[in-house]
Amino acid sequence: MPVARLLRQVAGQMLGSPACGCWIATPPLQFLGTSPRQIPADANFHSALFSETDQPRILITGGLGQLGVGLANLLRKRFGKDNVILSDIRKPPDHIFHSGPFIYSDILDYKNLREIVVNNRITWLFHYSALLSAVGEANISLARAINITGLHNILDVEAEHNLRLFVPSTIGAFGPTSPWNPTPDLCVQRPRIIYGVSKVHAELMGEYYHYRYGLDFRCLRYPGIISADSQPGGGTTDYAVQIFHDALKNGKFERNLKPSTRLPMIYIDDCLRATLDVMEAPAESLSMRTYNINAMSFTPEDLAQEVLKHVPEFQITYNMDSVRQAIADIWPMNFDDSNARKDWGWKHDFDLPELVTTMLNFHGSDTRVAQVN
């Protein structure tokens, strides 16, 4: 029996069609979340339900992580405090709770997500809920649930309610067979950690939903992100945040990566501005749905030497973390972000000297306040 005929018979049986093997057109079923949900075969979500001149109503998931609070502050300045809702499953500190709308949101609960979107008339969604690289490797099942199952729920909500969706990706989406220096937008990826695998999955699912259903999916591959007002969150590049905490508070720092490990990095202000810029970019200017962005590329030794220019008495020791080093060894050394710069005008402001000065000034102020108190 020809293969095509056999497949038609099997498909017909699965869809409840007559045993004759006749092909019956049926809308594709979507089984991505916690319960089956349908998207019509002729669905087209290119036309928005709100005018482009209206202010978006924004939800940020995983909002208490490294980027959520800073993004909420930026978006509230741009669109108004009440139009940006921060969410998480954790209890927020008082200053965050009182700074603007905050609600409980569990991305593994599709019904909860749907209620939030409907009740708050959400039109833009920034999906930041995820377990990062080193933490994810320590708990694969939890990383799989949050990073993959949670994403499926988000995509289903987006499909049902026509949202503009942003999902961050990462340097961890590449692997040992990827070109390292520089790494282009389109190349072999093949990551070897669950965090990277889940992010490649997110990139491809988002692009599939865009090309299959016309959904407005946008994604940036972030390099290592350095921020002054947050604690390290378990990522491989977090040494570049921890060093500033230790330089002024302890006077010494223990490196957990080899001094020569070169990775792409970005200061958080540049990262958040890029995120807003790509979300506001006209759809016709986007030649792809997932872009690299980059600002600088340095090693732990480069960073330490720049810090020593400001804090000469700083003591640096070395104690390699084998898990983080193994992860870093298969990541890109530098990102090619020329498409982002060409398509929607991406441009960074912070290079390594400006980064170090900014971080030391911030933590220096914190340290002096602590000493006075």
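Hydrogens, waters and symmetry mates play no part in the numbers below; they use all other heavy atoms, side chains included.
- In this structure the side chain of F253 never reaches within 4.5 angstrom of the side chain of T317, judged on heavy atoms.
- Between P332 and T183 the shortest heavy-atom distance is CB-OG1, 3.0 Å.
- In this model, a donor atom of one side chain and an acceptor atom of the other lie less than 3.5 Å apart for Q66 and S227.
- When atom types are taken as modelled, the side chain of R221 and the backbone of D185 share a donor-acceptor pair closer than 3.5 angstrom.
- Within 6.0 Å of CZ on R190 lie no more than 12 heavy atoms contributed by other residues, nucleotides or ligands.
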Q | side chain to side chain contact (heavy atoms under 4.5 Å, CB included) assessment of V117 paired with E158 | A | CA-CA 9 Å; V117 168; E158 182 204 19; over 6 Å; no

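- In this structure, I266 and Y222 have side chains that are not in contact, with every pair of non-hydrogen atoms separated by 4.5 Å or more.
- Taking 4.5 Å as the limit, some side-chain heavy atom of F174 sits within range of a side-chain heavy atom of C187.
- With a 6.0 Å radius and a threshold of 12 heavy atoms from other residues, nucleotides or ligands, D94 has its CG atom at or below the threshold.
- Between T275 and F126, the shortest heavy-atom distance links the atoms CG2-CE2, 3.7 Å.
- Ring geometry, Y213 versus Y208: the interplanar angle exceeds 60°, so the pair is classed perpendicular (tilted spans 30 to 60°).
- Side-chain N/O atoms of R341 and H348 include a donor and acceptor closer than 3.5 Å.
- D343 and N339 form no side-chain donor-acceptor contact under 3.5 Å, judged by distance and modelled atom types alone.
- Classified by interplanar angle (parallel below 30°, tilted 30° to 60°, perpendicular above 60°), the ring pair Y267/F350 is tilted.
- Between E203 and K199 no salt bridge is recorded (no basic side-chain N to carboxylate O distance below 4.0 Å).
- By the neighbour-count criterion of 12 heavy atoms within 6.0 Å, atom CZ of F97 is sparsely surrounded, having that number or fewer from other residues, nucleotides or ligands.
- The pair K258-E301 fails the salt-bridge criterion, with no side-chain N (NZ, NE, NH1 or NH2) lying under 4.0 Å from an Asp/Glu carboxylate O.
- A salt bridge links D216 to R289: one of the charged nitrogens lies within less than 4.0 Å of a carboxylate oxygen.
- A donor-acceptor pair under 3.5 Å links the side-chain atoms of D337 to the main chain of N294, judged by distance alone.
- With hydrogens and angles left out, the side-chain atoms of E160 and Y110 include a donor and acceptor closer than 3.5 Å.
- Heavy-atom contacts from other residues, nucleotides or ligands closer than 6.0 Å to CD1 of I140 number more than 12.
- Counting only distance, with no hydrogens or angles, the side chain of N120 and the backbone of I122 share no donor-acceptor pair below 3.5 Å.
- Rounding to the nearest 0.5 angstrom, the gap separating the CG atom in L248 from the CD1 atom in I243 is 10.5 Å.
- Looking only at atom types and distance, the side chain of Q325 has a donor-acceptor partner in the side chain of T261 under 3.5 Å away.
- Between Y128 and F166, the angle of the ring planes lies from 30° to 60°, which puts this pair in the tilted group.
- Using a cutoff of 4.0 Å between basic side-chain nitrogens and carboxylate oxygens, R273 and D349 are scored as salt-bridged.
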(Q) ring pair (Phe, Tyr, Trp, His ring centres under 6.0 Å), that's the test. Do W124 and F79 meet it? Break it down for me. (A) CA-CA 12 Å; W124 286 14; F79 301 115; 5.5 Å; yes

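- Of all non-hydrogen atoms in W331 and T237, the two that sit nearest each other are CZ3-CG2, 4.1 Å.
- Note: the hydrophobic cluster containing L272 also contains M296 (ILVMFWY, side chain heavy atoms under 4.5 Å, direct or indirect links).
- Looking at D336 and N292, their side chains never bring a donor and an acceptor atom within 3.5 Å of each other.
- Separating the CG atom in L220 from the OG1 atom in T170 is a distance of 12.0 Å, to the nearest 0.5 Å.
- Note on R262 versus D302: salt bridge recorded, some NZ/NE/NH1/NH2 to OD/OE distance being below 4.0 Å.
- Connection of I225 to L74 is established within a shared hydrophobic cluster, with ILVMFWY side chains joined at heavy-atom distances below 4.5 Å, either directly or through further cluster members.
- Under the rule for a side-chain contact (heavy atoms from CB on, under 4.5 Å), the partners of A281 that lie at least two apart in sequence or sit in another chain are R218, S285, L286, W344.
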